[in-house]
Number of protein chains: 2
Amino acid sequence: MQQLKSSVHKTFAILEYFTPQKPEWGVTELAIAVGSNKSTVYRFLSDLCKLDILTKNPNSDKYALGLKLFELGSRVSLKSAFVEKTHPELESVAKDITETVHIAVLKKDQIFYVDKVESPQGLKISSQIGSYNPAYATALGKVLLSYLPENQQKETAKKLLRSDAVTAYTKNTITKQKNLLKALDEIKQNGYAIDREEYELGLICVAVPIFNQEGNVVASLSASGPANRFEEKEVTRYVTTLKKGANAIQNKIGYFKP
Amino acid sequence: MQQLKSSVHKTFAILEYFTPQKPEWGVTELAIAVGSNKSTVYRFLSDLCKLDILTKNPNSDKYALGLKLFELGSRVSLKSAFVEKTHPELESVAKDITETVHIAVLKKDQIFYVDKVESPQGLKISSQIGSYNPAYATALGKVLLSYLPENQQKETAKKLLRSDAVTAYTKNTITKQKNLLKALDEIKQNGYAIDREEYELGLICVAVPIFNQEGNVVASLSASGPANRFEEKEVTRYVTTLKKGANAIQNKIGYFKP
DNA sequence: TTTCACTGTTTTATATAATGAAACAGTGTT
DNA sequence: AACACTGTTTCATTATATAAAACAGTGAAA
């Protein structure tokens, strides 16, 4: 905390601690977590409460993210310019494929889930809108990477798979730079990507790119479901449906850039 | 700006200027709007950009709300604890009624739109999730008011309709305290509210309450559509469907408090 | 009850970061 | 080429953020 210079940084550093895993914090524990003084953190929390960015649970005296933040989040034009337009298409794709459908954008070397429509079936993928996943281990991410400008793609692939930061989520995860670049090449030729349990065992995912009117990839669209009911012969049908959806979305988003 | 003491307040005061109506701001114009120095505002915007709370449009050099804010907004437990659970119910109600369906909570004297599912029909209501509307002029709001504890209800009604702040949005808007209290009484007896073009000409809306497991109203559910296709004899069917939906939602949200 | 350990909150002198005027650096226009 | 308009950087001055300590309220254990 002390190394962060501006109050703006400090403010959002504090808000970052409020995650779905730990949505409630008391003053003392949060002060310890951020490595700052109790009264300093108290003032932040108290100020944020006045603005409804946080709310205080009157029973536990603990703080949680508040309505105002939800409101501000809803204002993000990504949402108004994107989700409002694209959501109906996701729904129609999900209805057709009867699996969970996601739309994601690339954010540095991760994919960011912008929206989803869940499978009507009981067994389905759990995911969180507004969260991140590694690009190299997901169909959504591989599609986005494969359509990057060549130099940028190599750079990202290098950065991704050079260091000690590579995680092999399953035995199928691509961990070698050479293999990734080869896979990306194939994806670009095929026009779609498959993730066969590369990120999570039992989870298969098919994804296609979404272009804007300038011809740049801006997002990707996927269907994902349990491996056991994911019929190999159905992949073609999935891709066709996804592409139809991606096409419809392209016509709606115009020159959108993520 | 100068009267706001803490940086936290200043930060969110600046973010408040980014609305759906004006989602992009340049440094200079925003500095004038907030009544502060150009370089001060620049530092705020620049800091917020580093955190992805804002993004800078490289073409126009203007700033807009960014992905990070969307992410934080998505974390608000209102959403994870509420929307994720209730959205499927809204969908099924919307499908049944074939009009736009909203769910809202009471926030002081205004209703706050938490989620919606749009009518599949071409002509439909435009609204913005995460925005506010007056409680006394909407079906959603009147339902929420009618189930408040009596003292709280009177207080709110007084505050609402005493001052010079009362707006008669249409000729049907309730503007007298006595009339409002009488209307709220009827609504509580009937179990639903109707807004016949009280907020917007041509717009009719039916709403029912949603209770939590403690028996308190926590939200309201509505169907709204153009007056010309809103058949009077259908209201009973709408109410039945809405109540069924509200009931399903109640069973999912447990002890949720807004 | 009394003590203890633990919360959240308020106060205060001190240190540190926020401020705004001015200069700078780009841009497109006349 | 001069102008008017952006966004950006600099820096001395000022005002706010900081952390230690005291305070207050809670619940559990001796």
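Labels below follow one simple rule: chain letters A, B, ... track the order of the sequence lines, proteins then strands, and each chain is numbered from 1. The figures that follow rest on heavy atoms only: side chains count, while hydrogens, waters and symmetry mates do not.
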Undergrad: Could you give the CD-to-P distance, from A/E24 to C/dG8, as a whole number of Å?
TA: 12 Å
Undergrad: Distance check needed: C/dT9 P versus A/L48 CG, whole Å only.
TA: 13 Å
Undergrad: How would you list, by chain and number, every residue that makes a salt bridge (Lys or Arg N to Asp or Glu O under 4.0 Å) with B/K142, sequence neighbours excluded?
TA: B/E198
Undergrad: Residues in side chain to side chain donor-acceptor pair (under 3.5 Å) with A/N133, at least two apart?
TA: A/Y113, A/Y199
Undergrad: What integer distance in Å separates B/D47:CG from C/dA17:P?
TA: 12 Å
Undergrad: Hey, is the side chain of B/S7 pairing donor to acceptor with the base of C/dA18 inside 3.5 Å?
TA: no
Undergrad: Could you tell me the separation between the NE2 atom of B/H9 and the P atom of D/dT16, rounded to a whole number of Å?
TA: 13 Å
Undergrad: Can you name the residues that form a salt bridge (Lys or Arg N to Asp or Glu O under 4.0 Å) with B/K50, not counting sequence neighbours?
TA: B/D47
Undergrad: Tell me whether the OP1 or OP2 atom of D/dG7 has a side-chain N or O from B/Y42 closer than 4.0 Å.
TA: no
Undergrad: Does this structure show an ion pair linking A/E29 with A/K22, if we count only N-O contacts that are shorter than 4.0 Å?
TA: yes
Undergrad: Please tell me which of A/V8 and A/W25 maps to the more 5' nucleotide of DNA chain C, matching each residue to the nucleotide holding its nearest heavy atom.
TA: A/W25
Undergrad: Please evaluate the base of C/dA21 for a donor-acceptor partner in the side chain of B/S39 within a cut-off of under 3.5 Å?
TA: yes
Undergrad: Using a 4.0 Å cut-off on protein heavy atoms (strictly under), produce a 5'-to-3' string for nucleotides 23-30 of chain C with B for base contact, S for backbone-only sugar-phosphate contact, and - for none.
TA: --------
Undergrad: Could you tell me whether the phosphate oxygens of C/dT7, OP1 or OP2, come under 4.0 Å of any side-chain nitrogen or oxygen in A/K56?
TA: no
Undergrad: Roughly, in whole Å, what's the span from CZ in A/R43 to P in C/dA17?
TA: 13 Å
Undergrad: Determine, using ring centers only, whether B/F12 and A/F12 are less than 6.0 Å apart.
TA: yes
Undergrad: Please give, in whole Å, the distance from D/dA17 C1' to A/K10 NZ?
TA: 6 Å
Undergrad: Please identify each residue that fulfils side chain to side chain donor-acceptor pair (under 3.5 Å) with B/S39, with sequence neighbours left out.
TA: B/N37
Undergrad: Who are the side chain to side chain donor-acceptor pair (under 3.5 Å) partners of B/T55, not counting sequence neighbours?
TA: none
Undergrad: For D/dT8, take OP1 and OP2 only and decide whether either is under 4.0 Å from a side-chain N or O of B/Y63.
TA: yes
Undergrad: Give the rounded distance in Å between these two atoms: CG of A/L45 and P of D/dA17.
TA: 15 Å
Undergrad: What integer distance in Å separates B/K50:NZ from D/dT8:C1'?
TA: 12 Å
Undergrad: Would you tell me if any nitrogen or oxygen in the side chain of A/S46 comes within less than 4.0 Å of OP1 or OP2 on C/dT9?
TA: no
Undergrad: Taking 4.0 Å as the cut-off, does a side-chain nitrogen or oxygen of A/T28 come that near to OP1 or OP2 on C/dG8?
TA: yes
